[in-house]
Protein chains: 2
Amino acid sequence: MANDDSRPLTLRDVSEASGVSEMTVSRVLRNRGDVSDATREKVLEAARRLGYVPNKIAGALASQRVNLVAVIIPSLSNMVFPEVLTGINQVLEGTDLQAVVGVTDYTPEKEERVLYEMLSWRPSGVIIAGLEHTDSSRAMMQAAGIPVVEIMDVDGTPVDCMVGISHRRAGREMAKAILKAGYKRIGFMGTKMPLDHRARKRFEGFTEALAKGGVEVADQEFYSGGSALVKGREMTHAMLERTPDLDFLYYSNDMIGAGGLLYLLEKGVDIPGEIGLAGFNGVDLLDGLPKQLATMDACRLDVGKTAAQIIATRVADGDAAEYESHVELTPTIAFGDTLKRK
Amino acid sequence: MANDDSRPLTLRDVSEASGVSEMTVSRVLRNRGDVSDATREKVLEAARRLGYVPNKIAGALASQRVNLVAVIIPSLSNMVFPEVLTGINQVLEGTDLQAVVGVTDYTPEKEERVLYEMLSWRPSGVIIAGLEHTDSSRAMMQAAGIPVVEIMDVDGTPVDCMVGISHRRAGREMAKAILKAGYKRIGFMGTKMPLDHRARKRFEGFTEALAKGGVEVADQEFYSGGSALVKGREMTHAMLERTPDLDFLYYSNDMIGAGGLLYLLEKGVDIPGEIGLAGFNGVDLLDGLPKQLATMDACRLDVGKTAAQIIATRVADGDAAEYESHVELTPTIAFGDTLKRK
DNA sequence: CTGAAAGCGCTAACAA
DNA sequence: TTGTTAGCGCTTTCAG
């Protein structure tokens with residue numbers, strides 16, 4: 001099965017084994033051009049028998065084409081991003097494109113390194129989370145001459161295309177719903193991540209809309225590290241000790257919201273009567289909680305699918321491609337059981 | 001900044017811009033061989049100014065070296081796998097190796113396709129979940145002539161190396177702890193996945209050890225799809241309706257265990273007095289629950305680190321490398337608040 | 001329908 | 001310390 005020495009097999013080996021020229025072997029293996037059934041069979045048989053695996057490195061260099069799409073995201077442990085990936089993969093599976101993932105840990109420097117590394121493989125496109133990048137990163141994407149889709153945010157100016165929701169607007173909408181329900185003393189909890197621009201924008205939209213209603217955030221707290229569920233419990237406890245008259249808690253993500261919810265339910269607090277709660281993201285997990293946490297869907301699957309669709313279209317149709325290059329998806333509020341419906 | 005036409009920049013462009021030969025430019029950019037500080041500066045300046053990004057495709061073809069490690073896992077949404085990845089990345093960051101992830105969705109056919117695809121990029125090593133693969137997949141890994149580490153399971157025979165825990169033993173240990181605590185009427189809940197060999201092995205070890213203690217699983221149920229937390233609630237409810245005298249529930253993963261726990265707490269069931277509970281994996285999430293679910297850690301971070309270490313060592317030291325090629329990690333039971341400590 | 005020749009952009013090996 | 005030469009394994013192009 002394997003060849004005598006340990007040198008990987010080449011097209012030439014298949015050519016010799018089948019008595020067909022390298023060129024024709026190549027054609028058979030790629031289903032390109034017309035090849036007679038007889039030779040095709042000979043080639044396929046030989047390739048199978050030898051256990052030939054083509055060398056894409058050489059193929060890519062020769063054809064100047066690489067069927068990879070670089071996907072650059074901040075983290076894999078956030079639930080949110082694997083879901084975007086799922087959307088991307090769903091669409092790419094229908095093409096011959098292949099996603100390759102890079103993780104930035106929410107730092108612009110690592111993002112730059114990862115981007116450089118990935119671009120050096122000459123991918124067919126880039127899908128990257130967020131609109132904030134170093135100048136150098138932006139320059140690289142511009143110079144790469146390939147489609148670039150910035151995802152998950154539309155509050156800013158993209159290098160090329162963008163697909164996502166407006167986090168500012170999401171924050172505003174939630175604030176409006178809260179005010180409308182009659183809550184007045186509002187606490188906020190989130191991650192201590194100056195580099196999580198989307199969370200920041202949500203918070204800005206939130207405070208802005210509250211202000212319009214004459215309300216200010218009465219208390220706020222930020223955490224970093226550790227189990228989000230635990231942090232949600234702890235912060236909720238601490239905040240209510242400090243500011244007992246709060247009647248609403250807005251969490252910057254569902255996990256800490258869930259922690260807060262579990263904590264308050266144990267304490268026997270009346271929700272949403274005495275205190276209302278809301279999170280952000282619409283994670284699956286919430287469905288299994290004793291009460292459904294109010295939240296707002298970030299359209300993660302859709303974002304992934306739309307972004308991949310743009311890349312696929314551009315790769316297939318070239319510059320003549322027709323598509324929306326700026327797509328704003330609109331999330332809807334899920335009131336659940338923790339936010340009065342007014 | 002960008003070049004005139006839209007052709008990507010080459011070494012030659014940098015060479016011309018700096019007045020240094022291509023070869024020396026290459027040396028500077030790779031920090032290889034001795035280059036005078038003066039020329040080094042000239043080259044780096046030119047490369048930066050032009051915005052040159054090397055072409056790894058060409059580099060890999062010429063050097064016959066690719067600094068990629070193929071990592072093949074069943075899923076990204078299982079929490080477990082991103083954690084293994086974290087371990088892998090932690091170790092690889094200290095080398096010039098780079099992980100590339102492929103997802104199989106728990107099917108051997110897709111695993112085979114993904115493996116083929118990845119091997120065609122001629123990676124320096126493979127890390128792949130599980131010991132069960134198609135003959136063809138096994139043959140490919142054998143023929144690739146690169147280090148292969150099969151992870152997360154040691155109950156079987158690897159192609160090359162393996163790192164993980166024995167799921168059979170994990171099942172047995174949990175059964176023993178349960179029997180020792182005095183529980184007798186035991187229910188089991190898990191995923192309906194004939195292809196999740198590790199869950200299967202755990203179950204086998206579990207029933208085997210129970211049998212040794214003269215106990216049989218009194219009821220069992222399997223689910224597929226949907227939110228695990230919700231499924232945990234639903235199955236727990238259904239099972240206790242059907243078999244009300246159960247005094248212990250063993251869940252094949254922590255998420256459904258958490259769902260069951262939340263459900264039973266709402267019902268006011270005394271845990272672990274009236275009913276004991278245990279899950280599997282030791283996920284972070286559990287820390288935030290009202291009671292700590294008993295579980296068993298699968299050593300995910302360690303598995304990733306050890307596997308990556310093996311690859312890194314083999315790549316660096318070649319066949320002369322010294323390392324354990326079969327590593328069995330031993331998980332410990334966390335009794336939490338849901339399993340009597342005897 | 002099949003084959004021969006000429007690179008793709010880079011690096012190993014050697015020469016200067 | 002620097003430069004020259006000859007490919008890496010495949011595909012493009014063009015000729016049969």
Side-chain angles (χ1 to χ4, degrees), chain A residues 3 5-44 46-47 50 52-67 96 117 119-124 144-145, chain B residues 3 5-44 46-47 50 52-67 96 117 119-124 144-145:
Chain A
N3 48 335
D5 56 297
S6 72
R7 165 185 59 77
L9 294 162
T10 69
L11 218 41
R12 172 176 217 112
D13 294 306
V14 181
S15 165
E16 284 169 0
S18 63
V20 176
S21 81
E22 280 188 50
M23 196 50 240
T24 302
V25 171
S26 168
R27 278 196 273 254
V28 171
L29 265 22
R30 286 177 300 143
N31 288 314
R32 279 252 186 307
D34 296 317
V35 180
S36 74
D37 285 352
T39 34
R40 156 168 284 106
E41 259 327 304
K42 269 196 293 190
V43 170
L44 288 177
L50 297 173
Y52 173 70
V53 176
N55 184 334
K56 290 221 181 190
I57 304 271
L61 182 61
S63 67
Q64 306 279 64
R65 251 179 285 106
V66 179
N67 67 335
D96 67 344
E117 177 77 19
L119 287 180
S120 74
W121 290 102
R122 300 285 186 268
S124 292
Chain B
N3 48 334
D5 54 300
S6 73
R7 165 184 60 76
L9 293 164
T10 69
L11 219 42
R12 169 174 222 114
D13 294 305
V14 181
S15 166
E16 283 168 2
S18 62
V20 177
S21 79
E22 278 186 53
M23 195 54 235
T24 301
V25 170
S26 168
R27 279 196 271 254
V28 170
L29 265 23
R30 287 178 298 144
N31 286 314
R32 277 251 185 311
D34 296 315
V35 180
S36 74
D37 285 354
T39 34
R40 155 168 286 107
E41 258 329 302
K42 269 195 293 188
V43 169
L44 289 176
L50 298 173
Y52 172 68
V53 176
N55 183 332
K56 289 220 183 193
I57 304 269
L61 182 62
S63 66
Q64 306 279 64
R65 251 182 284 103
V66 179
N67 67 336
D96 65 344
E117 176 78 18
L119 287 180
S120 75
W121 289 101
R122 299 286 188 267
S124 292

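Model, not experiment: these values are computed from the prediction. Chain letters run A, B, ... following the sequence lines, proteins first and then strands; every chain starts at 1.
- In this model, the phosphate group of C:dC10 is approached by a side-chain N or O of B:Tyr52 to a distance below 4.0 Å at OP1 or OP2.
- In this structure, B:Asp96 CG and A:Glu117 CD are separated by 9.0 Å, a value rounded to the nearest 0.5 Å.
- Of the side-chain N and O atoms in A:Arg30, one or more sit less than 4.0 angstrom from OP1 or OP2 of D:dT12.
- Across all strands, B:Asn55 comes closer than 4.0 Å only to sugar-phosphate atoms, never to a base (heavy-atom distances).
- In this entry the distance linking CG of B:Leu11 with P of C:dC10 reads 5 Å, nearest Å.
- In this structure, CD1 of A:Ile57 is placed 13 Å from P of D:dT11, rounded to the nearest angstrom.
- Atoms CZ (A:Arg32) and P (D:dT12) sit 7 Å apart, rounded to a whole Å.
- Atom-to-atom distance recorded for A:Arg40:CZ and A:Asp34:CG is 8.5 Å, nearest 0.5 angstrom.
- A donor N or O paired with an acceptor N or O is found under 3.5 Å between the base of C:dG3 and the side-chain atoms of A:Arg27.
- Interatomic distance, CG of B:Leu50 versus CD of B:Glu16, reported as 10.0 Å (0.5 Å rounding).
- For B:Arg7 and C:dG9, the CZ to P distance is 8 Å, given to the nearest whole Å.
- Interatomic distance, CD1 of B:Ile57 versus CD of A:Gln64, reported as 9.5 Å (0.5 Å rounding).
- The residue A:Arg40 sits apart from the nucleic acid: no heavy atom pair falls under 4.0 Å.
- Remark: P of D:dT5 and CD of B:Glu22 are 13 Å apart, rounded to the nearest angstrom.
- Contact between the side-chain N/O atoms of A:Ser36 and the OP1/OP2 oxygens of C:dC1 is not found at any separation under 4.0 Å.
- Here B:Ser21 reaches the OP1 or OP2 of D:dG3: one of its side-chain N or O atoms lies under 4.0 Å away.
- Toward the 5′ end of DNA chain D lies the nearest nucleotide of B:Asp34, the other residue of the pair B:Asp34 and A:Ser63 mapping further downstream.
- At the phosphate of C:dC1, neither OP1 nor OP2 sits under 4.0 Å from any side-chain N or O atom of A:Thr39.
- In this structure, the CG atom of B:Leu61 is 13 Å from the C1' atom of C:dA12, given to the nearest Å.
- The interatomic distance linking B:Asp13 (CG) with C:dC8 (P) rounds to 13 Å, in whole Å.
- In terms of phosphate contacts, A:Thr10 brings no side-chain nitrogen or oxygen within less than 4.0 Å of OP1 or OP2 of D:dG9.
- The distance from the CZ atom of A:Arg32 to the OG1 atom of A:Thr24 is 15.0 Å, given to the nearest 0.5 Å.
- Counting to the nearest Å, the P atom of D:dG3 and the CE atom of B:Met23 are 11 Å from each other.
- Between A:Gln64 and D:dC10 there is no side-chain N or O to OP1 or OP2 distance below 4.0 Å.
- Contacts of A:Arg65 with the nucleic acid, taken as non-hydrogen atoms under 4.0 Å apart, involve only primed sugar atoms and P, OP1 or OP2.
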